[in-house]
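In what follows, a single structure is set out as structure tokens and then discussed.
Keep in mind the model is a prediction, meaning the values are calculated, not measured.
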Amino acid sequence: MQAVKNVDLFLSISKTIEDDLIKIGIKKSKIYHLPNTVEISKIREIYSSQKKPINKKMELITVARFAEKKKGYDLIPIVAQKLLENNIYFRWTIVGKNTKKLLNNNFISQNKKLFRIIENISNIDEKYYPHSRLIEKYVNSDLYVNLARIESFGITFVEAMTSGLPVISFNSKGANEIIVDNHNGYIIYSDNIDDLVKKIMNLSINKKEINILKANAYNSVEKYDLNLVSKKLLHIYKNINKQHLEKGKN
């Protein structure tokens with residue numbers, strides 16, 4: 001703890017992290033909020049060049065590594081089955097490391113046509129994340145579905161929203177700092193799967209509403225731009241260095 005007291009500044013990616021730092025005794029004056037970022041111009045370039053499809057079915061997408069409970073992957077077959085029972089025509093794209101494990105679930109293995117499972121999209125040949133192929137998946141979807149029970153900061157939410165994609169999520173920390181309910185997506189406050197399913201069902205038949213959400217999502221991510229946040233970080237460092245120089249003179 002003594003080493004922590006000698007630290008000049010702490011960078012917090014979310015209000016949740018800031019609160020945790022304060023709880024362990026860090027002065028608020030030492031904490032600077034800097035969210036995770038995306039290279040907005042890269043995503044927007046691909047977004048503008050893509051011809052937006054008119055989807056006959058509801059195109060859902062989730063991007064996360066396979067961590068069954070933490071990322072809520074155990075809920076996917078439950079949500080999918082309820083959508084199917086209510087005659088919602090959909091396809092669910094799921095991208096992430098080890099997501100093929102989802103095929104161990106009987107419902108998913110028996111209904112493979114409803115899912116497009118992609119183990120991973122690496123980024124070894126491009127300078128910035130996410131990879132162009134993943135951006136294309138976002139752009140061609142209708143709704144990003146987050147079922148995670150724990151999030152410190154949902155960077156995939158920002159990627160999706162920059163691609164003009166609204167996000168639906170339970171009221172988890174991290175998610176509720178990015179998603180503005182009924183504006184750029186939906187927060188399900190009840191933690192009830194049926195409530196989440198009802199929202200997806202309503203959006204599947206209400207194209208006007210989902211188009212409004214898409215536009216709002218697209219326009220609500222500027223504060224997460226890599227270039228903007230990088231400039232803010234440099235400004236913070238300059239101020240810290242200036243304070244050290246002034247202390248040295250005294």
Step by step, work out the salt bridge (Lys or Arg N to Asp or Glu O under 4.0 Å) result for Lys15 and Asp19. CA-CA 6 Å; Lys15 182 67 166 58; Asp19 291 341; 2.8 Å; yes
Residue pair Arg116, Arg91: steps toward the side chain to side chain contact (heavy atoms under 4.5 Å, CB included) verdict: CA-CA 7 Å; Arg116 180 168 53 179; Arg91 181 172 62 172; 3.6 Å; yes
Check the pair Lys173 / Ser14 against side chain to side chain contact (heavy atoms under 4.5 Å, CB included), numbers first and verdict last. CA-CA 9 Å; Lys173 294 179 179 179; Ser14 67; over 6 Å; no
Between Lys232 and Leu34, does a side chain to side chain contact (heavy atoms under 4.5 Å, CB included) hold up when you go through it step by step? CA-CA 8 Å; Lys232 185 177 178 182; Leu34 279 180; 3.5 Å; yes
Carefully, step by step, assess Glu68 and Lys101 under the rule salt bridge (Lys or Arg N to Asp or Glu O under 4.0 Å). CA-CA 9 Å; Glu68 189 173 25; Lys101 290 182 178 180; over 6 Å; no
Given side chain to side chain contact (heavy atoms under 4.5 Å, CB included), test Glu222 with Leu228 step by step and report yes or no. CA-CA 8 Å; Glu222 298 301 328; Leu228 179 67; 5.6 Å; no
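Taking the ring centre of Tyr218 as origin, the terminal cationic atom of Arg44 falls inside the region bounded by 6.0 Å and 45° from the ring axis.
Note that the NZ atom of Lys82 and the CG atom of Leu75 stand 11.0 Å from one another [nearest 0.5 Å]. Taking CD1 of Ile205 as the reference point, atom CE of Met58 lies at 10.5 Å (rounded to 0.5 Å). Taking CD of Glu159 as the start and CG of Asn36 as the end, the distance is 10.0 Å to the nearest 0.5 Å. Taking CG of Asp195 as the start and CD1 of Ile168 as the end, the distance is 9.5 Å to the nearest 0.5 Å. Expressed to the nearest 0.5 Å, how far NZ of Lys137 lies from NE2 of His131 amounts to 10.5 Å. Rounding to the nearest 0.5 Å places CZ of Phe115 at 8.0 Å from CG of Asn105.
In this structure, Asn184 and Val180 have side chains that are in contact, with non-hydrogen atoms separated by less than 4.5 Å. Side-chain contact between Leu114 and Trp92: absent, with no pair of heavy atoms (C-beta onward) separated by less than 4.5 Å. Side-chain contact between Val38 and Leu226: absent, with no pair of heavy atoms (C-beta onward) separated by less than 4.5 Å. In this structure the side chain of Glu136 reaches within 4.5 angstrom of the side chain of Ile46, judged on heavy atoms. In this structure, Lys27 and Ile22 have side chains that are not in contact, with every pair of non-hydrogen atoms separated by 4.5 Å or more. Within the 4.5 Å cutoff, no side-chain heavy atoms of Val139 are placed close to those of Ile43. Taking 4.5 Å as the limit, some side-chain heavy atom of Asp142 sits within range of a side-chain heavy atom of Ile210. Counting heavy atoms from C-beta outward, Ile31 and Leu9 have side chains that stay 4.5 Å or more apart.
A distance-only check finds a donor-acceptor pair linking the side chain of Lys42 to the backbone of Pro130 [under 3.5 Å]. Checked by atom type and distance alone, the side chain of Ser163 never pairs as donor or acceptor with a backbone atom of Leu165 at under 3.5 Å. Checked by atom type and distance alone, the side chain of Asn206 never pairs as donor or acceptor with a backbone atom of Asn202 at under 3.5 Å. Side-chain N or O atoms of Asn120 include none that pairs as donor or acceptor with a backbone N or O of Gly96 at under 3.5 Å. Remark: the backbone N or O of Asp225 is not paired with any side-chain donor or acceptor of Glu39 at under 3.5 angstrom. Between the Ser190 side chain and the Asn192 main chain, a donor and an acceptor come within less than 3.5 Å of each other. Panel note: side chain Gln81, backbone Phe107; no donor-acceptor pair is recorded below 3.5 Å. Panel note: side chain Asn86, backbone Ile88; no donor-acceptor pair is recorded below 3.5 Å. Within the 3.5 Å criterion, the main-chain N or O of Arg149 finds no donor-acceptor partner in the side chain of Ser172. Listed for the Ser48 side chain is no donor-acceptor partner under 3.5 Å among the backbone atoms of Glu45.
The minimum heavy-atom distance linking Val7 with Lys30 is given by the pair O-NZ, 2.9 Å. The minimum heavy-atom distance linking Ser204 with Met201 is given by the pair OG-O, 2.5 Å. Minimum interatomic distance between Gly174 and Thr16 (heavy atoms only, all atoms of both residues): N-OG1, 4.1 Å. Nearest heavy atom pair, residue Pro166 against residue Lys214, reads CD-CG, 3.4 Å. The minimum heavy-atom distance linking Ala64 with Thr99 is given by the pair O-CG2, 3.7 Å. The minimum heavy-atom distance between Ala175 and Phe170, with the atom names listed, is CB-O, 4.2 Å.
Under the 30°/60° scheme for interplanar angles, the aromatic rings of Tyr224 and Phe153 are found to stand perpendicular. Ring orientation note: the planes of Tyr138 and Tyr144 are tilted relative to one another, at an angle of 30° to 60°.
Within a 6.0 Å sphere centred on NZ of Lys223, other residues, nucleotides and ligands contribute 12 heavy atoms or fewer. For Lys57, the NZ atom sits in a packed shell: over 12 heavy atoms of surrounding residues, nucleotides or ligands are nearer than 6.0 Å. Applying the 6.0 Å contact sphere to NE2 of His183 captures more than 12 heavy atoms from other residues, nucleotides or ligands.
No donor-acceptor contact under 3.5 angstrom links the side chains of Ser12 and Tyr32, judged on distance only. Remark: the Thr93 side chain and the Glu59 side chain contain no N/O donor-acceptor pair separated by less than 3.5 Å.
Note: the hydrophobic cluster containing Val79 also contains Leu84 (ILVMFWY, side chain heavy atoms under 4.5 Å, direct or indirect links). Under the 4.5 Å side-chain heavy-atom criterion for Ile, Leu, Val, Met, Phe, Trp and Tyr, Ile17 and Ile26 are members of the same hydrophobic cluster. Residues Tyr129 and Val167 do not share a hydrophobic cluster, defined by chaining ILVMFWY side chains whose heavy atoms lie under 4.5 Å apart. If you chain together hydrophobic residues whose side chains sit under 4.5 Å apart, Ile178 and Tyr189 fall into the same group. Following chains of ILVMFWY side-chain contacts shorter than 4.5 Å, one cannot reach Val158 starting from Val229, and the two form parts of different hydrophobic clusters.
Exactly one of Asp181, Asp191, Asn176 qualifies for a side chain to side chain donor-acceptor pair (under 3.5 Å) with Asn171. That residue is Asn176.
Look at Glu151 and Lys70 and you find no salt bridge, because none of the NZ, NE, NH1 or NH2 atoms lies under 4.0 Å from a carboxylate O.
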